[in-house]
Amino acid sequence: RLVLLFPVALSVPLLPAISEIYAEGSRDYTRTRLSGLIRITALVGLPLTLVMALAAAPIIGLLYGADYLGAAPLVFVLSIAAFIDTIGTIGESTLLGTGRTLHILGLTAMQAAFIGAGTLVLVNAFGLLGAAFKKLDGALSQIAHHSNQRGLARLKRHDTGCPTGHAADG
């Protein structure tokens, strides 16, 4: 649970901050701020992820004893998934902050089907480690989707400058 806490905790202050950045700034200003936010998150999150992932066995041994050392591969995979999920949280908060709630609804529906099918296959094949790999796969697919969408790459506004979240043509 501790491994997955950071992405959730990060999302609470992100949404109002991203909404404010989007409402007050130009498209270039918004891009610059979001890019900086992703870099800062990566600079803070990556060392924590590496420590948690690479030192999973000693941490588990210290906290829970040798009986639970078998969970170290699970913690390793979940640590990486949590880092990727943290970056994905910025993408999702960007979509929310720019008014693209229907886009998130579609993304969530697509991911639910993808996660359900993938979980059936991976959990049946690999047990708990399969569930961790599915979490990692879900986080990677979210990042891939966000990097392909206008929500992060091409923030646009109507001519009035109103941050409606709808992409304007041209």
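All values below come from the heavy atoms of this structure, side chains included, with hydrogens, waters and symmetry mates left out. For the single chain, residues carry numbers from 1 onward in sequence order.
Nearest heavy atom pair, residue M52 against residue S79, reads CG-OG, 3.0 Å. A pairwise comparison of heavy atoms in A56 and A72 identifies CB-O, 3.7 Å as the closest pair. Residues P47 and A42 come closest through the heavy atom pair CD-O, 4.0 Å.
T32 meets the side chain to side chain donor-acceptor pair (under 3.5 Å) test with no other residue; sequence neighbours excluded. Every residue two or more places apart in sequence or in another chain that forms a side chain to side chain contact (heavy atoms under 4.5 Å, CB included) with V123 is listed here: T119, A131.
Atom CG in L34 sits 10.0 Å away from atom OH in Y29 (nearest 0.5 Å). In this structure, CG in L48 is found 9.5 Å from OG1 in T86, a value given to the nearest 0.5 Å. Taking CZ of R33 as the reference point, atom CD1 of I40 lies at 9.0 Å (rounded to 0.5 Å). One finds the CG atom of L37 at 8.5 Å from the CD1 atom of I87 (value rounded to the nearest 0.5 Å). In this structure, F76 CZ and L50 CG are separated by 8.5 Å, a value rounded to the nearest 0.5 Å.
Hydrophobic clustering (side-chain heavy atoms under 4.5 Å, transitive across Ile, Leu, Val, Met, Phe, Trp, Tyr) groups L54 together with I80. Under the 4.5 Å side-chain heavy-atom criterion for ILVMFWY residues, no single connected hydrophobic cluster contains both F126 and V121. Under the 4.5 Å side-chain heavy-atom criterion for ILVMFWY residues, a single connected hydrophobic cluster contains both I84 and L46.
Checked options D67, L74, V75; the residue passing with I60 is V75 (criterion: side chain to side chain contact (heavy atoms under 4.5 Å, CB included)). When the options V77, L122, L78 are evaluated for a side chain to side chain contact (heavy atoms under 4.5 Å, CB included) with L129, the one that passes is V77.
Looking at N124, its side chain does come within 3.5 Å of a backbone N or O of L120 through a donor-acceptor pair.
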(message) side chain to side chain contact (heavy atoms under 4.5 Å, CB included) for L69 and Y64? Distances and angles first, verdict last.
(response) CA-CA 8 Å; L69 287 177; Y64 303 106; over 6 Å; no

